[in-house]
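Notes follow the structure.
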2 protein chains.
Amino acid sequence: MSTRPVETHGYRMNHTMLRIKDPKPSLHFYQEVLGMDLIATSNNSDFTLYFLAYDHTNGKATQEEKQGQRFLREGIVELTHNHGTESDASFIGYHNGNKDPRGFGHIAITVPDVQAACDRFEKLGVQFQKKLTDGRMRHIAFILDPDGYWVEVLPNGFNSDP
Amino acid sequence: MSTRPVETHGYRMNHTMLRIKDPKPSLHFYQEVLGMDLIATSNNSDFTLYFLAYDHTNGKATQEEKQGQRFLREGIVELTHNHGTESDASFIGYHNGNKDPRGFGHIAITVPDVQAACDRFEKLGVQFQKKLTDGRMRHIAFILDPDGYWVEVLPNGFNSDP
């Protein structure tokens, strides 16, 4: 839109925050399965924040450079771990927003080859909400992160508007 | 992390999806208040998807170029409008994830001047969850979108790790 208010120049969509029960499986999922970098960690007395994002520098960025981009770049996922939930047997888990009461739906990653990505996710034991072969949308899958949040997986060359 | 799996090269954190009750106030908020562009719209029989993102080309990108980035770029917000909620008196609204059952917390924008941004939001009648002067974190505010989702506002030069 050409109507963008001039006062908003320089604004960026920095991050999306999700609460997690246990950082161990979540960091494994976002780093080892999805391939994001842990660009910063913020330790607090009763909670820890983990900031994850994709490195688009082909591995050239140093950890300091990545951390320096924490408030400048887009596409960051912030995972909030309230200490204790990981070992609290009475903790019922977090709400993924896709059953009542609904609200937040999902985050989405785009990938060069959605079939190869989903084949790899299956080999790694990732849970699927929707496989490529389920339903009408054969180019889109939904996988579940360790807390049950939906992660849409779609091809970065997808251009047939549904 | 240097351990990024090679199979994930080219992955991007494309978007975050939130359900909205009524596109009119939501599009006004994300475009006119936050300054995002509507880069694509997907019309379906019973729902419509609105894809919004910041233009970082200083107004040079055409609408076609913006739409072409829909599956390639990061920092997109997808708003899902299930038709009818905007005029359904029995619709109780969407859940913002910050009271039980909790899960999703917020999206966040970074801005060059957080004080100026918040002053402008106040003049525009935006609701605040946390003003800059509330609480300990004087560099961070939280505003509410029309559905009550929290939008964190923080300076892009913020580097004192909380």
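Every chain is numbered from 1 and lettered A, B, ... according to where its sequence line falls, protein lines coming before strand lines.
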State the [atom1]-[atom2] distance between [X] and [Y], to the nearest 0.5 angstrom.
X         : Y         : atom1 : atom2 : result
Asn58(B)  : His9(A)   : CG    : NE2   : 6.5 Å
Glu74(B)  : Ile109(A) : CD    : CD1   : 11.0 Å
His106(B) : Glu78(A)  : NE2   : CD    : 4.5 Å
Asp55(B)  : Tyr11(A)  : CG    : OH    : 15.5 Å
Leu154(A) : Arg70(B)  : CG    : CZ    : 8.5 Å

[X], part contacting chain B, at a heavy-atom distance under 4.5 Å:
X         : result
Asp119(A) : neither
Val33(A)  : backbone
Tyr30(A)  : neither
Arg120(A) : side chain
Asp147(A) : neither

Exercise. Give a yes or no on whether the backbone of Gly103(A) and the side-chain of Arg19(B) come within a donor-acceptor separation of less than 3.5 Å.
Key: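 Yes, Arg19(B) side chain to Gly103(A) backbone: donor-acceptor pair under 3.5 Å.
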Quiz prompt | Glu65(B) atom CD, over 12 foreign heavy atoms within 6.0 Å | solution =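 More than 12 within 6.0 Å, yes.
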Hey, are the side chains of [X] and [Y] touching, using non-hydrogen atoms and a 4.5 Å cut-off?
X         : Y         : value
Thr16(A)  : Phe104(B) : yes
Tyr54(B)  : Arg4(A)   : yes
Arg12(A)  : His56(B)  : yes
Arg102(A) : Asn82(B)  : yes

Self-check item: Identified side chain to side chain contact (heavy atoms under 4.5 Å, CB included) counterpart of Met13(A) within the set Ile76(B), Leu52(B), Ile107(B)
Solution: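 Answer after filtering Ile76(B), Leu52(B), Ile107(B): Ile107(B).
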Self-check item: Minimal non-hydrogen separation, Phe71(B) against Thr110(A), with atom names
Solution: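 It is O-OG1, 3.1 Å.
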Exercise. Count the heavy-atom pairs under 4.5 Å between each of Val153(A), Asn96(A), Leu34(A) and chain B, then report the option with the highest count.
Key: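 Ranked by contacts with chain B, first place is Leu34(A).
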Quiz item: When you check the side-chain N and O atoms of His95(B) and His95(A), is any donor under 3.5 Å from an acceptor?
Solution: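 On atom types as modelled, these side chains do not qualify, holding no pair under 3.5 Å.
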Quiz item: Of the listed residues (Gly105(B), Ala108(B), Ala61(B)), which shares the most heavy-atom pairs with chain A below a 4.5 Å separation?
Solution: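 Max contact count across the listed options: Ala108(B).
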